[in-house]
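Only a predicted model underlies this, so the values are computations on that prediction, with no experimental measurement involved. In each ligand, atom 1 is the first atom listed, and ligand 1 is the first ligand listed.
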Amino acid sequence: MLFTYKMKTYSLETLKNQIISNNGKVVIFGFGTLGKLSKKVFDKLEIKVDFFCDSDDRKNNQEHENIKVISIADLNKLDKNTNIFIAHDYFLAVMPNLDENNFKNIYTTTELLTYPNLLDMYEGDLYPLKLKRRIDFYNEISKKSEYASSGVLKIKSVDIQITEKCSLKCKDCSNLMQYYQKPKDSELNQLFKSLDNLMNVVDHVNEFRVLGGDPFMNKEMHKVVNKLSKYKNNSRIVIYTNATILPKGEQLECLRNEKVGLEITNYGEASRQHDALVTLCDKENIEYSTYKCDIWQDCGRIIPHSQKSEKEIMKQFNNCCNSDLITLLHGNLYRCPFSANGNNLRAFNENESDVIDLTKNYETKDELKKMIKELCYDKKFLNACFSCNGRDFTTMNIKSAIQTLDKKPIEYKKLES
Ligand code: SF4
Ligand code: SF4
């Protein structure tokens, strides 16, 4: 049974009256980029916001433009007609509480985020490409319940992992590259067959994320990008790089495609080509975003099978910011990169229903579509979650991109074959 939830609908033109006809009170649930951007739209619509709310207790009692951030406990004490706008991606984590507390007026911020010239109202330091992608990501997640209960199969993003190789060997890489003894590239025929099978049954994939390791380590990256760009049922292709390799020839040429953008992570000294890459993108008119990454979360480790209960693992999964990163690796489709690489490394065996072999010939299109739909919309947790530290706001921050000793792979316990 696919999980669904019901949100109130609205239009920007009538929202003010709708709110007044409830109890006139507004809470933005999510004190991040989208919450603050939504507040700007409320200002334009001349609608007063009473509170922000955030699940992260560290944000409680902070203020933004004289509006206080309240805790979930405080939110639960408010009048049940309060208008609550969810401005973050964790619908599955917050909806049960709002439901249990009988809140009647719950909305997405999707309509608010269509406000004309929204990007011009943004005051933070995200590059336009990153901000557009942030909004698209939210919009797709906010429609997940609608997609789940309809006949369509739309996927927010698919990570296309084209190599296990990386020019860095970060000891806490969340994609688990540090464990590969003999990293290899994805085999093109297998990759193309699995992509065709996927795109044949999917109605739409908003974004392909081409990554590794570092995708430029795969000399055939351009062939993958060119193949991806031909699918009509896809909107955008984003290539992730650590800025150690400057693309040339066909690798550079494929970045000029209007569907393609480059997501650059700047690890300081380790990203030795960062400035040259940014200059190249500016010169060649390649769309990109870059951000300086000094810390990240401690989630790049295979841990011994956790003793957590299923309920605790379910909470870890629902709060995890990576739990919706559908990943294609060596012909198999997974729910997240940790699941994909941990299974590939044979650090654990994924549950049968957590892996879909896209190289197989399925009897009917519907059979494969149903399996993919269940993987995307109907998981409570993965077997991989028991070997993973989880990734939410409670996960500890650690210094990013620390390299393994002598750049050697990290040992781990492999399953017997
Ligand atoms: S740069 Fe570091 S974090 Fe990024 S893929 Fe390579 S090893 Fe992983
Ligand atoms: S294994 Fe589970 S907890 Fe870990 S990243 Fe994937 S979904 Fe999140």
Subject >> Test side chain to side chain contact (heavy atoms under 4.5 Å, CB included) applied to Val205 and Lys154, step by step >> reply: CA-CA 6 Å; Val205 172; Lys154 293 193 178 187; over 6 Å; no
Original post:
Got the closest protein heavy atom to atom 6 (Fe) of ligand 2, with its distance?
Top reply: Cys336 SG, 2.4 Å
Original post:
Should Arg391 be listed as contacting ligand 2, given a heavy-atom distance under 4.0 Å as the test?
Top reply: no
Original post:
Quick check: does Cys166 put an N/O/S atom under 2.8 Å from atom 8 (Fe) of ligand 1?
Top reply: no
Original post:
Side chain, backbone, both or neither: which part of Cys388 has a heavy atom under 4.0 Å from ligand 2?
Top reply: side chain
Original post:
Would you call the rings of Tyr288 and Tyr127 parallel, tilted or perpendicular, where under 30° means parallel and over 60° means perpendicular?
Top reply: tilted
**OP:** Report the nearest protein non-hydrogen atom to atom 8 (Fe) of ligand 2: residue, atom name, distance rounded to 0.1 Å.
**Re:** Cys320 SG, 2.4 Å
Original post:
What is the ring orientation for Tyr377 with Tyr147, classed by angle as parallel under 30°, tilted 30 to 60°, or perpendicular over 60°?
Top reply: tilted
**OP:** Please could you name the atoms of ligand 1 that Leu168 approaches to less than 4.0 Å, counting only its heavy atoms?
**Re:** 1 (S), 7 (S)
Original post:
Has Gly390 got any heavy atom lying under 4.0 angstrom from an atom of ligand 2?
Top reply: yes
Subject >> Where ligand 2 meets Phe317 - atom numbers and elements under 4.0 angstrom, heavy-atom basis >> reply: 7 (S)
Original post:
Which class fits the ring pair Phe52 and His64: parallel under 30°, tilted 30 to 60°, perpendicular over 60°?
Top reply: perpendicular
Subject >> Minimal non-hydrogen separation, Ala87 against Ser38, with atom names >> reply: CB-OG, 4.4 Å
Subject >> Any Gly213 heavy atom less than 4.0 Å to ligand 1 >> reply: yes
Subject >> Polar side chain donor-acceptor pair, Tyr107 to Asn83, under 3.5 angstrom >> reply: yes
**OP:** Report yes or no: does Cys385 have an N/O/S atom closer than 2.8 Å to atom 4 (Fe) of ligand 2?
**Re:** no
Original post:
Which part of Gln316 is near ligand 2, with near meaning a heavy atom under 4.0 Å away: side chain, backbone, both or neither?
Top reply: side chain
Original post:
What atoms of ligand 2 come within less than 4.0 Å of a heavy atom belonging to Ser323?
Top reply: 7 (S)
Subject >> Lys/Arg cation over aromatic Phe192: Lys227, 6.0 Å, 45° cone >> reply: yes
Original post:
Would you call Trp296 a ligand 1 contact, heavy-atom distance under 4.0 Å?
Top reply: yes
